[in-house]
Each structure stands twice: as C-alpha cells, then as structure tokens.
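Report on the structure given below.
First listed ligand is number 1; within each ligand, the first listed atom is number 1. What's counted below: heavy atoms across the whole structure, side chains too, no hydrogens, waters or symmetry copies. Owing to the predicted nature of the structure, the values given are computational and were not obtained by experimental measurement.
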Amino acid sequence: MIVIKNEQELVCMRQACRITAAARALAGEMVRPGVSTKAIDKAVHDFIVAQGAKPSFLNYHGYPASVCISVNNTVIHGIPGGYVLKDGDIVSIDVGALYKGFHGDCAATFPCGTISAEAQKLIDVTKQSFFEGIAFARPGHRVSDISHAIQTYVESNGFSVVRSFVGHGVGRQLHEEPEVPNFGKAGHGPRLLRGMTLAIEPMVNAGVYDVRVLKDGWTTVTADGKLSAHYENTVLITDGEPEILTVTEGL
Ligand code: MF3
Ligand code: CO
C-alpha cells in the first residue's frame, strides 16, 4: 500500500526532511583530506540529536552508524570508521533523520580535495539524473517514467545505473512502497498521486552496473572496482511541480 500524506503529516515530514538535508550539508562541509569517516558520523549524529530528531539508520536492521559513507568504489552502505579521507576521493554520504514520527532520507557525493575530471563528471551526471527523473514526478505519470528518465540520461553519458538497490517511498517508515528503480521501461508501476513522498536516489557506476556486498553484510562495492556516485532527495508529489523536501531553507 502506498501511503498518501495529509497536510498535517506533511508539516512534520517537511521538518524531518529539513533536518536531514542540514545534516547532509554539515557532512559535506566536513569532507576534506585528513578527516576520518567516523568523525563525520559523530558530528552528524550529534547534530541530529541536538535538533530533537533521531538518526534513522542507527540500528536499522542492525546498521551500526548514523550515516553511510561510501568512498570511491563503494556504492552505498559504507560504514564509517577509521578510514581517513584523502585528496582525490569521492565521498557519498547518505543520511536519514526521524522527527515527529516521520523520516527524511537524502544523499550526495562530495569531492575530497582535487578530483579527476572523470570523477567530477560522474558526480555531475548522477545529480543531473535525479533532476531528469523528477521531471516526471507528477500526477499523470507512473513510477517507471522517473526510472526510465534516470536510466536514459545516465547511459547516454556512458555510465551505468545500479540494479540491485532502488529508491522507495518514505514517511513513517524509512522504506515504504513503492519501489522506485533507477532503470526500466516507461509507463509501468503505480500511478503518481498528490501526497506521495518518494526517496528518489540514482546510484551510478562509472563501469559495470554489478555490485558486490562485502562480508560485513553492508558495504556495497562496484564489481569492477570503478567509481560510483549517489544522489538522493525525499520528494513530495503535488498537483504541479514536485517539491523537494530535503532542502535546508526554512530550518
Ligand atoms: N539511505 C538508505 C536508503 O536510501 C538506507 C540506508 S540503510 C541503513 O534507502 F541501514 F544504512 F540505514
Ligand atoms: Co533512500
């Protein structure tokens, strides 16, 4: 069942999403050579708690941290720890916050110091693919119209979209229906309706789309060892333009 949020619920959802977006921005500002991934995790954790919210990911199915920090060939679910960021890394940071009963979920990939032109292109194409996708995030379209637009844009730029992880509905639960794949034919899946809130999150690989999960059960890396980037926002379907909820304005 796809949950439609009413205006009262959306007030809370917006607040949760603003906290989440501010946490992403804070994390992004910390990305520079010499900083450990666990220092970013701690700062984000403390920020979310200071806002009166809870980190959505901490203990989610046993996940041991407040953010996912996925460096270079790590696609998603990198666990913060002793790794020290170095010049040239690309750093995907995914964060969720629970506030007044609702989750926000967002991610972005940040450059650490000076990165290669290819890495920058991967980051830019990944972010733009999200915007290509949300052009279809409105009534009159179906979920897979978003998926198809993302895939088409990514592949036309010579990159590939991850298949084995997808976007999702988000609200009282971190993961709700529907699934929002970043690939597929247009015109399939549920019809989009006002009041749906979706986490749209292209995961884009420089090489093949295949991924592999390491023995820790979380860390997901590209099968070919090439770079990967991620971009995600929580988006509200309205009667007109979609509203990106994970924005920092108005916090
Ligand atoms: N942010 C991820 C998503 O977009 C979920 C992270 S799973 C967790 O769906 F276990 F790390 F929390
Ligand atoms: Co998500």
Task: Heavy-atom check, side chain of I79 versus side chain of D216, under 4.5 Å - done: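 They are in side-chain contact.
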TODO: Would you mind reporting whether E232 and M203 have side-chain heavy atoms less than 4.5 Å apart?
DONE: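 Counting from C-beta outward, M203 and E232 never come under 4.5 Å.
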Task: Under 4.0 Å from ligand 1, counting heavy atoms only: the protein residues, by chain and number - done: F57, Y60, Y63, C68, H77, D94, D105, H168, H175, E201, W218, E232
Open item on the list: Looking at G187, is its backbone amide N or carbonyl O close enough to the side chain of D145 to form a donor-acceptor pair, meaning the two atoms are under 3.5 Å apart?
Closed with: yes
Task: T152 side chain to A149 backbone, donor-acceptor under 3.5 Å - done: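 Checking the backbone N and O of A149 against the side chain of T152, no donor-acceptor pair under 3.5 Å is found.
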Open item on the list: Regarding D124 and K127, does a basic nitrogen lie under 4.0 Å from an acidic carboxylate oxygen?
Closed with: no
Task: E9 bridged to R172 by N-O distance under 4.0 Å - done: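 Yes.
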Open item on the list: Does K121 qualify as a cation-pi partner of F159, given the criterion of NZ or CZ under 6.0 Å from the six-membered ring centre and within 45 degrees of its axis?
Closed with: yes
Open item on the list: Please confirm whether the ring centroid of H148 lies under 6.0 Å from the ring centroid of F183.
Closed with: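 Judged by ring-centre distance (under 6.0 Å), H148 and F183 do not meet the cut-off.
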TODO: Would you confirm whether the ring centroid of F130 sits within less than 6.0 angstrom of the ring centroid of H230?
DONE: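 Not under 6.0 Å, so no.
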Open item on the list: Just to be careful: counting only protein atoms that are N, O or S, how many fall under 2.8 Å of the Co ion (ligand 2)?
Closed with: 4
